[in-house]
Colleague: 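Take a look at the following structure, please.
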Amino acid sequence: MQMTSAPHLLAEDGPEYERILGDALRHAHERPDLEGVGDRLNTEQLRTMALSATALITAAAATEYEHYVKARGELRRTANAEGADGAPAPDGPQSTAAGSGAGIGAVITVLTPLLAGSAAVIFLLVGYLLKAVGPSVTFGGSLVAAGWFFAAVAAAAILVAAVGLLVTALRNGATSLAAENEEQELPEDVARAREAWRHALLERGILPFLRDALADPTAGPAARTPHRSPNRIPKVGYSRPDFSGPDDGPAAGPRPTFTSPDFTSPDFGGPEHQPD
């Protein structure tokens, strides 16, 4: 299976991530670097922030997680191959018959209380109505007796269904315990890969994220990644443009000047001063 350098967390490993996160938050008071829990941010706020940043946190342990997923996949493929060689085919005649029998039993268990209860209500209602209208009519008594019979059948069917649900729940619980025991008895290489991923996820992913969150509670998950100290969290902002006065610019050149035209009055003299 080809995976990228930062694979997404598989759905089956989500509960394990939440469990490691919960353990880290429960024991946060034992770590001096997480002493701000409860003062700046409480555990629920930190849990919400860490769950929102799952992709960023798990990327810190991507190498270990990739190795763990590969080892687990190899184990499952080997187990499936051995089961196919040594066990009977699941779609054989016996399995098909058993599956059909289980399906018919489930249908009967569900339909019997409904049908018997409906019949009981109808028979009792009609029987008592006939007895009220004509007390001498014996058919009404027969209907009432049939109604109580179907009522007893419905009650018995409900009891059987309840016992079946209880048995199924106990069987599923035993299956879950068996699955947990099987997980605890993993081969050494798979167990070692899983433990390495858990340790890397805690030490390189969850704890650095919690420290950064406590150091700068105002920074969102998108601006906070593991291995990043609080003073390296990018801050987004806008600065004012610098406006400089006229003294800061280059020296102003000479300005053009405009003068009004020189108007003189015409030279009017006497007769001796005639214009040429």
Side-chain angles (χ1 to χ4, degrees), residues 3-76 169 172-236:
M3 302 183 68
T4 60
S5 58
H8 292 288
L9 191 67
L10 299 178
E12 61 181 300
D13 297 320
E16 183 66 17
Y17 169 77
E18 296 182 6
R19 187 190 67 80
I20 298 174
L21 175 61
D23 291 341
L25 292 174
R26 278 192 299 270
H27 299 284
H29 62 279
E30 302 176 1
R31 295 178 174 271
D33 52 347
L34 298 180
E35 59 183 4
V37 176
D39 298 334
R40 302 183 181 92
L41 296 171
N42 57 37
T43 56
E44 290 303 322
Q45 290 173 326
L46 290 171
R47 185 191 305 274
T48 302
M49 295 172 66
L51 292 178
S52 300
T54 299
L56 295 176
I57 295 176
T58 54
T63 303
E64 290 79 4
Y65 184 64
E66 181 179 2
H67 180 64
Y68 168 51
V69 171
K70 286 183 178 180
R72 185 175 60 186
E74 291 293 335
L75 175 64
R76 291 176 178 176
N172 291 338
T175 304
S176 300
L177 292 176
E180 292 179 1
N181 294 332
E182 182 181 358
E183 183 180 358
Q184 293 176 358
E185 297 176 358
L186 290 174
E188 183 179 359
D189 55 342
V190 181
R192 187 167 55 248
R194 182 180 62 180
E195 188 60 30
W197 170 61
R198 290 174 176 175
H199 183 267
L201 181 63
L202 177 64
E203 297 296 332
R204 297 206 308 263
I206 294 177
L207 292 179
F209 180 87
L210 296 179
R211 286 194 294 266
D212 290 350
L214 293 173
D216 188 4
T218 60
R224 186 184 296 108
T225 57
H227 305 292
R228 179 173 293 182
S229 58
N231 57 358
R232 294 178 60 189
I233 297 177
K235 296 182 179 179
V236 180

Colleague: Pick out which of Asp212, Leu201, Leu202 makes a side-chain contact (heavy atoms from CB on, under 4.5 Å) with Leu207.
Modeller: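 Testing Leu207 for a side-chain contact (heavy atoms from CB on, under 4.5 Å) against Asp212, Leu201, Leu202 leaves exactly one candidate, Leu202.
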
Colleague: Strictly below 4.0 Å, N to O, side chains only: are Arg194 and Glu16 in salt-bridge contact?
Modeller: no

Colleague: Which atoms form the tightest heavy-atom contact between Gly205 and Ala60, and what is the distance?
Modeller: CA-CB, 3.9 Å

Colleague: Please round to the nearest 0.5 Å and tell me the distance separating atom CG of Asp13 and atom OG1 of Thr58.
Modeller: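 Answer for the CG-OG1 pair, Asp13 versus Thr58, is 10.5 Å.
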
Colleague: Suppose we screen for salt bridge (Lys or Arg N to Asp or Glu O under 4.0 Å). Which residues come up paired with Asp189, at least two apart in sequence or across chains?
Modeller: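 With sequence neighbours excluded, Asp189 shows a salt bridge (Lys or Arg N to Asp or Glu O under 4.0 Å) to no residue whatsoever.
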
Colleague: How close do Val37 and Ala28 get, heavy atom to heavy atom, and via which atoms?
Modeller: CG2-CB, 3.9 Å

Colleague: How close do Ala213 and Met49 get, heavy atom to heavy atom, and via which atoms?
Modeller: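 So the two residues come closest at CB-CE, 3.9 Å.
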
Colleague: Please enumerate all residues that pass salt bridge (Lys or Arg N to Asp or Glu O under 4.0 Å) together with Glu74, with sequence neighbours excluded.
Modeller: Arg77

Colleague: Check whether any side-chain heavy atom of Tyr17 lies under 4.5 Å from a side-chain heavy atom of Leu9, and answer yes or no.
Modeller: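 In short, these two side chains touch, coming nearer than 4.5 Å.
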
Colleague: Check salt bridge (Lys or Arg N to Asp or Glu O under 4.0 Å) between Glu30 and all other residues, then give those that pass, not counting sequence neighbours.
Modeller: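 Once residues adjacent in sequence are excluded, Glu30 has no partner under the salt bridge (Lys or Arg N to Asp or Glu O under 4.0 Å) criterion.
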
Colleague: Taking the side chain as every heavy atom from C-beta outward, state whether Leu210 and Leu25 have any atom pair closer than 4.5 Å.
Modeller: yes

Colleague: Are there over 12 heavy-atom neighbours, none belonging to His29, within less than 6.0 Å of that residue's NE2?
Modeller: yes

Colleague: Would you give the length of the straight line joining atom CD1 of Ile20 to atom NE2 of His199, rounded to the nearest 0.5 angstrom?
Modeller: 11.0 Å

Colleague: Is it true that Arg76 and Glu12 make a salt bridge, defined as a side-chain N closer than 4.0 Å to a carboxylate O?
Modeller: yes

Colleague: Measuring from atom CG of Leu75 to atom CZ of Arg72, what distance do you get when rounded to the nearest 0.5 angstrom?
Modeller: 10.0 Å

Colleague: Identify, with sequence neighbours excluded, every residue that meets salt bridge (Lys or Arg N to Asp or Glu O under 4.0 Å) alongside Arg31.
Modeller: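 Salt bridge (Lys or Arg N to Asp or Glu O under 4.0 Å) check on Arg31 returns Glu203.
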
Colleague: Given side chains that start at C-beta, do those of Leu34 and Leu214 come closer than 4.5 Å, heavy atoms only?
Modeller: yes

Colleague: So, using side chain to side chain contact (heavy atoms under 4.5 Å, CB included) as the criterion, who are the partners of Glu188 when residues are at least two apart?
Modeller: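 With neighbours one apart ignored, the set is Arg192.
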
Colleague: Kindly write out the residues that satisfy side-chain hydrogen bond (donor to acceptor under 3.5 Å, both in side chains) with Asn42, not counting sequence neighbours, or none if the list is empty.
Modeller: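 For Asn42 there are no side-chain hydrogen bond (donor to acceptor under 3.5 Å, both in side chains) partners, ignoring immediate neighbours.
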
Colleague: Answer yes when Asp23 and Arg198 have at least one side-chain N-carboxylate O distance shorter than 4.0 Å, and no when they do not.
Modeller: no

Colleague: At their closest point, which heavy atom of Pro15 faces which heavy atom of Ala11, and how far apart are they?
Modeller: CD-O, 3.6 Å

Colleague: Do Arg211 and Pro208 touch side chain to side chain, with heavy atoms closer than 4.5 Å?
Modeller: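 Yes, at least one pair of side-chain atoms sits under 4.5 Å.
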
Colleague: Could you tell me which non-hydrogen atom of Gly22 sits nearest to which non-hydrogen atom of Arg47, and how far apart they are?
Modeller: CA-NH1, 3.9 Å

Colleague: If the plane angle is over 60° it's perpendicular, under 30° parallel, otherwise tilted; pick one for Tyr65 and Trp197.
Modeller: tilted

Colleague: Search all heavy atoms of His67 against all heavy atoms of Ala193 and return the closest pair with its distance.
Modeller: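 Nearest heavy atoms, His67 then Ala193: CD2-CB, 3.6 Å.
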
